Amino acid sequence: MLEMRAEPCSLRILRQNAPPFMSTERKTLEQRAQMSDIERLRHSCAHIMATAILRIWPDAQFAYGPPIENGFYYDFQMKHRITPDDFEKIEAEMKKISKENQKFEWIGISREEAKTMAESGRLGGLTERPGNPSVFKLDLIDKIPDGEQISCFKNGDFIDLCAGPHVGYSGKCKNVKLTSVSSSFYMGDETKPQLQRLYGTAFESKEELEAYFVRLEEAKKRDHRKLGKEMRLFHIDEDVGQGLILWTPNGAVLRQELQNFISEELRKQGYSQVFTPHIGKLALYKTSGHFPYYKDAQFPAIVEPDALEQIAHEGCGCAEMTSRLDAVSSQFANQINERTGREVIGQDRIMDAEKLLDGFLLKPMNCPHHIKIFASQPRSYRDLPVRLAEFGTVYRWEQSGELNGLTRVRGFTQDDAHLFCTEDQVAAEVLGCLSLVKIVLNTLGMSDYRVRVGLRDPDSGKYAGNPEQWDRAETACREAAKTLGVPFTEEPGEAAFYGPKIDFVIKDVIGREWQLGTVQVDYQLPIRFDLSYTGADNKPHRPVMIHRAPFGSMERFTGVLIEHFAGHFPTWLAPEQVRILTISEKVDAFADDTFAQLKAAGLRVTLNNDADKIGAKIRNAQLDKVPYMLVLGEKEAAAGGVAVRHAKRGDLGVKPIADFLSEVTSEVRERRL
RNA sequence: GCCGAAGUAGCUCAGAGGUAGAGCAGCGCAUUCGUAAUGCGCGGGUCGCGGGUUCAAUUCCCGCCUUCGGCUCCA
């Protein structure tokens with residue numbers, strides 16, 4: 001699961017969840033016993049796959065082979081590198097093993113016996129393998145707590161360290177298919193050996209197996225990267241840079257409509273729109289605490305031309321420049337440490353003021369800018385809450401291997417806002433944020449989501465702020481989550497160190513989960529920036545900050561949305577809402593007139609008066625996923641009507657233009673699905 | 001960043017040590033047609049980039065870039 005480190009600030013960017021099965025933690029025996037039938041089957045398939053691999057490559061050393069959501073895998077190490085060309089051979093061997101109908105037998109052994117078997121290479125092998133000890137099994141044995149029964153399973157000649165459970169006989173495992181091969185680190189640890197990971201899937205019946213691959217094919221058809229290209233929604237260009245999205249005209253319409261929608265809701269909820277630049281001084285992020293702690297995840301600092309010339313003149317090297325950029329003055333350090341009441345900036349970062357280098361940073365988040373807007377004038381308790389909203393573009397240096405279409409990018413625009421309020425207002429404001437998220441998701445028909453409430457770990461002392469404050473904020477989050485009417489889970493230890501949070505995890509139509517929106521309560525940044533407002537008692541008070549983003553980012557949300565609708569956007573979002581299709585040149589004038597009327601009504605309409613036949617024009621419009629097609633021929637011209645065809649609902653018959661216009665414009669205005 | 005695979009026309013893809021081909025899209029001409037493809041013709045590629053081997057490289061080798069599948073990461 002996601003690890004929540006002590007972060008100084010803010011909107012955790014919305015990431016796909018690590019699937020729960022990635023955890024290599026040992027399961028308890030009780031958890032094992034709860035394995036479902038299908039998991040049991042797939043886990044047994046992993047053993048059969050290992051057996052097959054060993055028959056072909058006897059040197060293979062196996063590590064860990066669990067069932068996963070849609071199948072199973074086994075991690076192993078061997079000289080031969082598996083490629084998809086090997087799948088057929090391995091599958092054939094697996095089928096053979098299934099036919100042999102080997103019994104899965106449980107064997108309980110002592111720790112000593114287990115170690116002896118592992119050292120001889122017998123454990124996780126078909127025979128003893130002198131000189132090739134089962135290194136991973138040895139390590140796994142060491143991880144089994146003292147006193148716990150060491151459990152093995154044997155099928156045919158293959159004996160594996162395994163807590164089970166398994167199916168009775170390998171004959172059950174016949175509907176199996178290998179799906180992909182990749183690599184992984186032992187125990188998910190980058191410093192440990194890199195293993196080959198072979199994935200497969202298995203089902204009880206042949207029909208289910210086939211249906212699974214059909215579903216996969218369907219899923220591929222709605223991949224936002226494929227649809228994005230086909231529908232010309234966005235483009236990523238090598239010369240611009242990886243992970244940097246170019247929103248093409250069609251995609252820009254989609255994004256603009258989404259932003260208009262959010263903006264309308266924000267106005268209703270009393271937000272103020274702001275604009276801030278894409279960069280800010282390094283000192284700003286030193287105050288917030290983001291620099292240099294997250295340096296690896298940021299684009300490098302931008303140094304002013306004069307300063308650059310100066311240090312070049314001084315013969316300053318890269319390493320020195322970096323440390324001069326990272327450092328702070330003792331005055332700065334004292335100030336921050338005093339405000340927070342802890343030594344958040346160590347002595348090692350302090351440098352003489354004249355050696356310090358300042359520069360700019362492409363903003364990795366918007367909060368510091370919004371904080372400075374809040375702090376730009378004296379604030380009274382009567383002004384609160386102050387709600388500052390911005391579609392703020394941020395830049396983060398994501399690892400190249402992580403980039404993915406619209407869902408993982410290096411520059412993205414958050415539908416961001418920061419709320420500054422009194423302690424007493426936190427509950428109501430969190431509630432307001434959640435209702436906004438709910439409106440957004442409902443409007444888009446995304447009903448399949450769940451909510452995670454991240455609370456503090458009661459046993460940890462890492463949290464900033466006082467316990468009473470935390471209790472109130474956590475209660476506020478919990479109560480707010482309850483009002484959503486959707487299942488939510490409370491996850492202790494998942495809070496940010498500066499405050500509790502609520503994350504929205506959205507399922508797309510295929511069932512994949514994505515973390516999008518988030519609401520976070522923050523007690524820490526107001527302290528670091530020494531924010532205050534004047535209370536009714538005429539004394540300064542510390543405001544509480546709330547970070548929130550219902551979409552998360554325009555990029556990721558759009559990506560999810562494309563897949564959610566499979567490209568068939570509701571009319572209000574469709575880049576092209578209506579296409580007029582003429583049957584022959586004889587109706588060109590009528591078509592022009594109709595086109596002008598729809599255009600005047602504010603619809604995004606195009607006219608296809610090519611010499612193609614009507615069947616071809618309809619086909620093209622269908623493929624372009626245009627919601628409404630108006631077929632115009634001599635009949636319609638004579639009657640002053642339009643023959644309406646909807647991309648999903650088919651032929652809707654002929655109706656007067658005025659009727660069609662009022663229907664579609666109200667559909668768009670109401671943002672109907 | 002790590003492991004593996006891939007990159008040929010706008011798109012989907014075929015091909016092979018002797019400087020490339022299909023379908024769709026585009027353009028032109030003909031057709032004037034009633035709810036998912038009218039016909040004929042034409043244009044279009046430094047075969048991702050840079051080196052090397054060779055008489056000859058898009059093809060073989062090396063490096064790089066990008067994409068894909070994972071891993072790791074994800075303020």
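Just so we're clear, the structure is a prediction, and the values are computed from it rather than from any experiment. Below, chains carry the letters A, B, ... as their sequence lines are ordered, and counting in each starts from 1.
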| query | Quantified in whole Å, what is the C1' atom distance between nucleotide B/G48 and nucleotide B/G7? | reply | 6 Å
| request: Tell me, with the steps shown, if A/Phe551 and A/Phe557 meet ring-ring contact (aromatic ring centres under 6.0 Å, His included). | output: CA-CA 6 Å; A/Phe551 282 168; A/Phe557 195 84; 3.9 Å; yes
| request: Send over the distance from A/Tyr199 OH to B/C3 P, rounded to a whole Å. | output: 17 Å
| query | How close or far is atom P of B/A5 from atom CG of A/Asp86, stated in whole angstroms? | reply | 11 Å
Using atom types as modelled, flag every donor-acceptor pair under 3.5 Å from a side chain in residues 622-631 of chain A to any protein atom, sequence neighbours excluded.
residue	atom	partner	partner atom	Å
A/Gln622	OE1	A/Arg645	NE	3.1
A/Gln622	OE1	A/Arg645	NH2	3.1
A/Gln622	NE2	A/Ala647	O	3.2
A/Asp624	OD2	A/Arg579	NH1	3.3
A/Asp624	OD2	A/Arg579	NH2	2.8
A/Tyr628	OH	A/Arg649	NH2	3.2
A/Tyr628	OH	A/Glu667	OE1	2.6

| said: Nearest whole Å is fine: how far is B/A75 C1' from A/Lys295 NZ? | reply: 16 Å
| query | Quick one: is the NZ or CZ of A/Arg528 closer than 6.0 Å to the six-membered ring centre of A/Phe332, and within 45° of its axis? | reply | no
| message | Taking B/G28 as the reference, what is the distance to B/C47 when you measure between their C1' atoms (whole Å, please)? | response | 29 Å
| query | How many angstroms lie between atom CD of A/Glu555 and atom OG1 of A/Thr393, to the nearest 0.5 angstrom? | reply | 7.0 Å
| field | C1' atoms of B/C61 and B/G17, separation to the nearest Å | value | 13 Å
| field | Residues which pass side chain to side chain donor-acceptor pair (under 3.5 Å) with A/Thr191, listed by chain and number, not counting sequence neighbours | value | A/Asp189
| remark: dist A/Leu233:CG -> A/Leu406:CG (nearest 0.5 Å) comes out at 8.5 Å
| said: Work out how far the C1' atom of B/U8 is from that of B/G21, and round it to whole angstrom. | reply: 10 Å
| note | Per-nucleotide protein contact along nucleotides 62-67 of chain B, 5' to 3', at a 4.0 Å heavy-atom cut-off (B base, S sugar-phosphate only, - neither), is ---SSS
| note | With sugar-phosphate taken as primed atoms, P, OP1 and OP2 and all else as base, the protein-contact string of nucleotides 31-37 of chain B at under 4.0 Å (heavy atoms; B, S, -) is BBBBBBB
| field | Side-chain donor-acceptor pair present, A/Lys363, A/Thr276, cut-off under 3.5 Å | value | yes
| said: Distance check, P atoms only: B/A25 and B/C40, in whole angstrom units. | reply: 13 Å
| request: Would you mind reading off the distance between A/Lys220 atom NZ and B/C68 atom C1', rounded to a whole angstrom? | output: 11 Å
| query | When all nucleic acid strands are considered with a 4.0 Å heavy-atom cut-off, which category describes A/Gln196: base, sugar-phosphate, or nothing? | reply | nothing
| field | Pairwise 5' ranking along RNA chain B for A/Gly401 and A/Ser184, keeping only the more 5' one | value | A/Gly401
| field | Side-chain donor/acceptor contact of A/Arg408 with base of B/C73 under 3.5 Å | value | yes
| field | Whole-Å P distance, B/A20 and B/G43 | value | 15 Å
| note | Taking pairs as Watson-Crick (N1-N3 plus N6-O4 or O6-N4) or G-U wobble (N1-O2 and O6-N3), each distance under 3.5 Å, the stems of three or more consecutive pairs with RNA chain B are B:1-7 with B:65-71, B:10-13 with B:21-24, B:26-30 with B:38-42, B:48-52 with B:60-64
| message | Please report the distance, rounded to the nearest Å, between CG in A/Asp624 and P in B/C11. | response | 16 Å
Atom pairs, N/O to N/O, protein against nucleotides 39-43 of chain B, distance under 3.5 Å?
none

| query | When rounded to the nearest Å, what value does the distance between C1' atoms of B/U12 and B/G52 take? | reply | 34 Å
| field | Distance, rounded to the nearest Å, where A/Asp75 contributes CG and B/C3 contributes P | value | 16 Å
| request: Before giving the answer on side chain to side chain contact (heavy atoms under 4.5 Å, CB included), spell out for A/Phe529 and A/Phe374 the whole-Å C-alpha distance, their side-chain angles and the decisive distance to 0.1 Å. | output: CA-CA 11 Å; A/Phe529 282 95; A/Phe374 176 84; over 6 Å; no
| field | Interatomic distance where CG belongs to A/Leu198 and C1' belongs to B/G4 [whole Å] | value | 12 Å
| query | In terms of the angle between their ring planes, are A/Phe299 and A/Trp397 parallel, tilted or perpendicular, with boundaries placed at 30° and 60°? | reply | perpendicular
| message | Before we go on, tell me: are the rings of A/Phe234 and A/Trp247 under 6.0 Å apart, centre to centre? | response | no
| field | Output field: ring centroids A/Tyr199/A/Phe72 closer than 6.0 Å | value | no
| message | Say we look at B/G45 and B/U54: how far apart would their P atoms be, to the nearest angstrom? | response | 32 Å
| query | Any Lys/Arg nitrogen of A/Asp326 or A/Lys295 sitting under 4.0 Å from an Asp/Glu carboxylate oxygen of the other? | reply | yes
| said: So, taking the atom named OG1 in A/Thr248 and the one named CE in A/Met231, what distance separates them when rounded to the nearest 0.5 Å? | reply: 10.5 Å
| Spacing between A/Phe76 atom CZ and B/G70 atom P, to the nearest angstrom | 17 Å
| Side-chain H-bond candidate by donor/acceptor type, A/Asp503 with A/Thr518, under 3.5 Å | yes
| Of A/Arg232 and A/Leu195, whose nearest nucleotide on RNA chain B comes first from the 5' end? | A/Leu195
| Gap separating the NE2 atom of A/His370 from the CG atom of A/Leu419, nearest 0.5 angstrom | 11.0 Å
| query | Does A/Ser183 get its side chain close enough to the base of B/G70, under 3.5 Å, for a donor-acceptor pair? | reply | yes
